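All remarks here apply to the structure that follows.
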Protein chains: 2
Amino acid sequence: MHSDVVASRSADPKDSRESRSESRNGAGPHLDAVSLAIIEQLQEDGRRPYAAIGKAVGLSEAAVRQRVQKLLDQGVMQIVAVTDPLTVGFRRQAMVGIHVEGDVESVADALSAMSECEYVVMTAGSFDLIVEIVCEDDDHLLEVINRRIRAVPGVRSTESFVYLKLKKQTYMWGTR
Amino acid sequence: MHSDVVASRSADPKDSRESRSESRNGAGPHLDAVSLAIIEQLQEDGRRPYAAIGKAVGLSEAAVRQRVQKLLDQGVMQIVAVTDPLTVGFRRQAMVGIHVEGDVESVADALSAMSECEYVVMTAGSFDLIVEIVCEDDDHLLEVINRRIRAVPGVRSTESFVYLKLKKQTYMWGTR
DNA sequence: CGGAGACCTGCGGATTTCGCAGCGTTGGCG
DNA sequence: CGCCAACGCTGCGAAATCCGCAGGTCTCCG
């Protein structure tokens with residue numbers, strides 16, 4: 001059921017114009033206030049019924065459903081379960097700062113391809129790249145940092161910050 | 001993939017359902033294989049119906065529902081919408097490394113109380129604390145870093161890494 | 001003017017969620 | 001040893017939700 005791509009009446013290929021998914025961060029498809037309000041609702045509870053959301057934002061159930069589906073298709077948001085990795089058996093995490101020589105973006109792509117890299121961001125400052133690593137144990141972490149990451153062409157040096165304790169983790173942008 | 005736990009009705013006693021292990025930092029009992037499988041399902045799609053999850057993990061719809069509710073109540077996981085902040089109107093983000101003198105945890109608590117801090121983690125390495133900041137614009141970011149964070153007692157110095165481009169952001173722990 | 005696209009509403013029918021009553025297992029305890 | 005409370009799972013209607021679809025409005029063009 002997931003893959004039948006609604007689009008009951010918008011199965012138009014040219015429709016893809018600027019809705020090209022996920023990390024085109026320059027500027028996403030601009031969201032209006034209503035979509036923002038819908039996102040806010042779902043940031044509080046990802047399973048809230050469409051009808052309840054509709055009541056909150058002033059739209060019909062069907063309209064909310066269509067908007068949500070579009071936001072998901074466009075990659076503007078995803079509705080997922082998030083956990084503290086420590087409780088799920090990943091005992092070692094680290095933030096790794098990386099100095100790059102040459103093309104930063106290609107290095108970022110290479111790191112993004114690793115499943116252990118949960119989070120990859122290009123930054124200004126003394127690091128060119130910052131990535132978050134999630135591993136099962138020390139050996140795993142060591143291997144990822146010392147063998148895999150440093151083996152990527154363009155990576156000149158790294159600095160690791162092993163997690164001792166996760167104090168806060170929220171997803172409430174917009175809910176302020 | 002999902003082990004053989006099907007057990008249409010056999011209550012496999014071998015699996016010591018809940019070991020009272022504590023080795024974690026925040027809260028929450030250890031998870032058995034079935035709960036882990038449920039979380040995996042919800043990491044793929046936070047709105048997946050309980051019946052579908054049940055089919056995948058070998059449990060009835062009602063059992064899945066009860067487990068999910070418990071996981072939510074215990075705070076082991078949350079089901080939420082996540083977005084790239086840039087597409088939602090937060091144009092400035094930064095990772096901030098912090099050097100602390102004195103009690104690190106109390107500083108972490110103070111930072112956690114700020115709504116602009118999305119992510120707060122205590123680390124080993126040259127920083128004592130790493131926090132992720134989400135702001136609306138440069139002025140906002142400047143104020144948070146230079147006035148609010150540095151005003152927290154115990155914060156000795158900070159180093160900022162302004163986000164240029166978010167390359168990857170996933171929540172698929174366990175789905176590997 | 002007329003058509004295409006975007007977006008909304010309303011409405012049945014299929015699904016899903018929800019609450020509750022059983023039931024088997026486990027563990028504590030007199 | 002036997003009783004009982006605590007848990008967790010199942011099954012089952014009833015209620016609520018989801019889903020697809022048809023139809024209406026508005027805007028943007030050629």
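It should be emphasised that the depicted structure is a prediction, and the values quoted were computed from it without experimental measurement. Naming: A, B, ... by sequence-line order, numbering from 1 per chain.
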Decide yes or no on side chain to side chain contact (heavy atoms under 4.5 Å, CB included) for A/V107 and A/D128, but give the supporting numbers first.
CA-CA 10 Å; A/V107 174; A/D128 300 300; over 6 Å; no
Short side-chain N/O contact to D/dG8 OP1/OP2 from B/K70, under 4.0 Å:
yes
For a quick test of your reading: what N or O donor-acceptor pairs under 3.5 Å do the side chains of residues 53-64 of chain A make, sequence neighbours left out?
residue : atom : partner : partner atom : Å
A/S60   : OG   : A/A63   : N            : 3.2
A/E61   : OE1  : A/R65   : NH2          : 3.3
A/E61   : OE2  : A/R65   : NE           : 3.1

Is the shortest heavy-atom distance from the side chain of A/L31 to the side chain of A/L71 under 4.5 Å?
yes
Per atom distances to the B/Y50 side chain, the nearest of C/dT17, C/dC8, D/dT17 is C/dT17
Can you list everything that forms a side chain to side chain contact (heavy atoms under 4.5 Å, CB included) with A/Q169? Sequence neighbours excluded, please.
A/L166, A/Y171, B/Y119, B/W173
Take B/A51 and A/V64, find for each the nucleotide of DNA chain C with the closest heavy atom, and name the residue whose nucleotide sits nearer the 5' end.
A/V64
Between atom CG in A/D73 and atom P in C/dA6, what is the gap in whole Å?
14 Å
Separation of A/L42 atom CG from D/dC18 atom C1', in whole Å?
14 Å
Not counting sequence neighbours, which residues clear side chain to side chain contact (heavy atoms under 4.5 Å, CB included) with B/S112? List them please.
A/K167, A/K168, B/V120
Measuring to OP1 and OP2 of D/dT17, would you say a side-chain N or O of A/R47 lies under 4.0 angstrom away?
no
Separation of A/D32 atom CG from C/dC7 atom C1', in whole Å?
11 Å
A/I53 atom CD1 is separated from D/dT17 atom P, nearest whole Å, by 11 Å
Please report, rounded to the nearest Å, how far the P atom of D/dC19 is from the CZ atom of A/R67.
18 Å
What's the CG-P distance between B/L72 and C/dC18, to the nearest Å?
11 Å
Enumerate, atom names and distances included, each donor-acceptor pair closer than 3.5 Å involving a side-chain atom of residues 153-161 of chain B, sequence neighbours excluded.
residue : atom : partner : partner atom : Å
B/T158  : OG1  : B/R150  : NE           : 3.0
B/T158  : OG1  : B/R150  : NH2          : 2.8
B/E159  : OE2  : A/S126  : OG           : 2.7

Under the rule for salt bridge (Lys or Arg N to Asp or Glu O under 4.0 Å), what residues qualify as partners of B/D138, not counting sequence neighbours?
B/R92
Nearest of C/dC7, D/dC18, D/dC9 to any side-chain atom of B/Q66?
D/dC9
May I have the distance from A/R48 (atom CZ) to D/dC18 (atom P), rounded to whole angstrom?
12 Å
Under 3.5 Å, which protein N or O atoms sit close to an N or O of nucleotides 12-15 of chain D? Give each pair with its distance.
none

To the nearest Å, how far apart are B/Q74 CD and D/dG8 C1'?
13 Å
Between D/dC9, C/dT17, D/dT17, which one does the side chain of B/P49 approach most closely?
C/dT17
